[in-house]
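Have a look at the structure below, then the notes.
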Amino acid sequence: MQRSARSLSNLKNTLLTLTILLGASLVGFAFDALGLLEINIYTVFILGILVTAVVTSSVLFGALSCLGGVFLFNFLFAEPRFSVEAANFGYPLDFIILLVVTLLVSSLSRANARMSFRTRTLLATDQLLLKAAGAQEIVSIAAEQLLRLLGRPLVYLPVEDGAPGQAQFFGPGKPRNAFDGDAVRWVIRTSEAAGAHTALFPQAQYAYAAVRTAAHAFGVVGVEGGRRPLTDMERELMRSLLSECALTLERDQINRLREEESVRARNEQLRATLLRSISHDLRTPLTSISGNAALLNDAGRDLTDAQRAKLARDIRDDAQWLLGTVENVLSVTRMEEGRVALQLRPELIGEVLSEAIARMRKLAPDHTIALQQQDDLLMARIDAQLIMQVTLNLLDNAVKYTPAGSYIEVRARSSGARVVVEVADDGPGIPEEYKARVFEMFYTTSSGSIDGRRGLGLGLALCKAIVIAHGGEMTVRDNTPRGTVFAFTLCQERIEMPCQTIR
Amino acid sequence: MSDHPLILVVEDDGAVQDLIVTALETTHSYRLCTADTGTQAVIEAATQRPAVMLLDLGLPDMDGVEVISKVRAWSDMPIIVISARSQDDDKIEALDTGADDYLTKPFSVDELLARIRGTLRRLHYIKASAQDPVFVNGDLTVDYNSGIVTLSGKELHLTPLEYRLVCVLCRNVGRVLTHTYLTREIWGSTLDSDIASLRVFMATLRKKLQPLPDSPQFIQTHVGIGYRMIKL
């Protein structure tokens, strides 16, 4: 890569040199035709040689152009013309003086170009670091830029709890396995430079410097010692680049901490809301259960059979409701704490859905629930228990928000590498403005529930969290001609069946 | 009275024990004994020789699974596990240790009675036909000697693997068999791919055993746990 860049720049410089010399010769012929003096033509050649030295910024091409220019002038314009013989003794002397001037100009121009390259690299580093995210990316960018500036292989060792971590190598050549532990530890402890070409640990392979801000040491950079120490200018550049890198690392660390803090605060708030909702919403059914049970116990004899049956039924219904809510609250807390290790296994999606439907049919005898599937051997990689809970919650939701006698259809189909499951009802549907919010935790509509009881608003939020944990998506849309469709996707499992013969 | 089967109820929670005892007493078909701890349960099981044990998994002194393995050392009495934990792992461990069936709290009284009736029916069947080379369950017959399976008198064409599955299910009729148990019985291993194949074989087998949606269902699916051949 670097080699091809160099040969490209050599080619460019060669072309430039040739073009300028050709130009000077053409102008020389023009001057000659106009009858101008030899000295005028000579000045044109001097100009051409100096221009070459400036634009190529190369001592080599400056010298070559000087040699070529003097030769051309001598051959083309100096008497005797079209011969290399120097009639005038002054020409070799002129040539030497010109050569010295050219070399001076080209080395000045080269220093200038190097300076502007460094300035550009430093500015570019600033820009790149500004966009970088994460310590790894920041370190890589800084190392790449340092490599361009110094042209020497580098090693970076992050500081972890005051000790050097896993070394990362940058630049050409084979990374050296052994780095200089003592020098690195010294740099970490004192933040002073150490290693090759310094007073401390001069036998080290690399010259080490700390990447740190006033508050925190992030790492140590080692630059390969090489034959000569870094120049003052190079050291200065390296220092400014490293401090830039350290500041960026610090900014990144602060951002990360702040983000963690805000996630923690959000979870904290979620938990507080959860607790408030639970203690508020669970009291209602508990009051009814304990009241009804006390009534049965104290006044059971004075009640008619029908009244007693009604009280018992209410107790059972409220307890069922509590049970479902408690299951959801438990799952939500598990999901929130990120403790759920999904037990992913290949499952027949039809089995899971039919089981959920069978359970819901018992709880909602007045609704018709049907299963539609394209392929009853459709498999997905899922946690069966959790996906069953998702399906149950969606069915429960459909039952709760549609009148008795409604038709609910559960569909499963394959779509590319996914399995799409839909729960569709023909109820009143969800108004457009609520659709975006139904998956929010603790979101419940104030009206619309058929039995008049509001849930905690956990069910759908939980469904979404579970589906996302499975790597799927959850959406809601209108059913045609009316009603609502909740859909979620799962990863399809394709299996190769062991071959079997028919008996 | 004395020919009524004896049921051992092992449950440390007073209210739930009361519920189970009351529910069973109202049927007037069972004799009952109770235990509050695992140790007591093992002693009762050894001295009273109950027909069926109902075992709560969360006992104060020892894990319910430990009770199962102790009892299984000398008896194959049916054990129905009652678990408050909704995690499947405990149930699966209990079933793999030798439990026959499970109930998850909260369960309905109807469900409890149905499980006990089913277990007793199976017990009766096993006693009556232990050495019988032909398994009969409703319309389904499996002739182990000739390897022929018929449904309503018509021979079913099963693949060798399906036949092995049917045999395992029939020999353990009424018991919930975990996925692990089944794959180990059929393939001798429990790889993920085997579990996936088991699902597919089971689905095709079920379709053969239940040709119409309203024909009786022989194989019951326990999502996340396993399968059971129901004794009709």
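Quick note on labels: first sequence line is chain A, next is B, and so on, each numbered from 1.
Your options are A/Ala384, A/Ser354, A/Ala356, and the one with the most heavy-atom pairs under 4.5 Å with chain B is A/Ala384.
In this structure, no portion of B/His222 lies under 4.5 Å from any heavy atom of chain A. Contact annotation for A/Arg381: only side-chain heavy atoms (C-beta onward) come within less than 4.5 Å of a heavy atom of chain B.
A salt bridge links A/Glu351 to B/Arg206: one of the charged nitrogens lies within less than 4.0 Å of a carboxylate oxygen.
Dense packing is recorded around CD of B/Gln220, with more than 12 heavy atoms of other residues, nucleotides or ligands lying under 6.0 Å away.
Nearest heavy atom pair, residue A/Pro346 against residue B/Ile195, reads O-CG2, 4.4 Å.
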Exercise for the section: Could you please spell out the steps behind the side chain to side chain contact (heavy atoms under 4.5 Å, CB included) verdict for A/Leu348 and B/Met202? Expected result: CA-CA 10 Å; A/Leu348 283 173; B/Met202 207 50 111; 5.9 Å; no
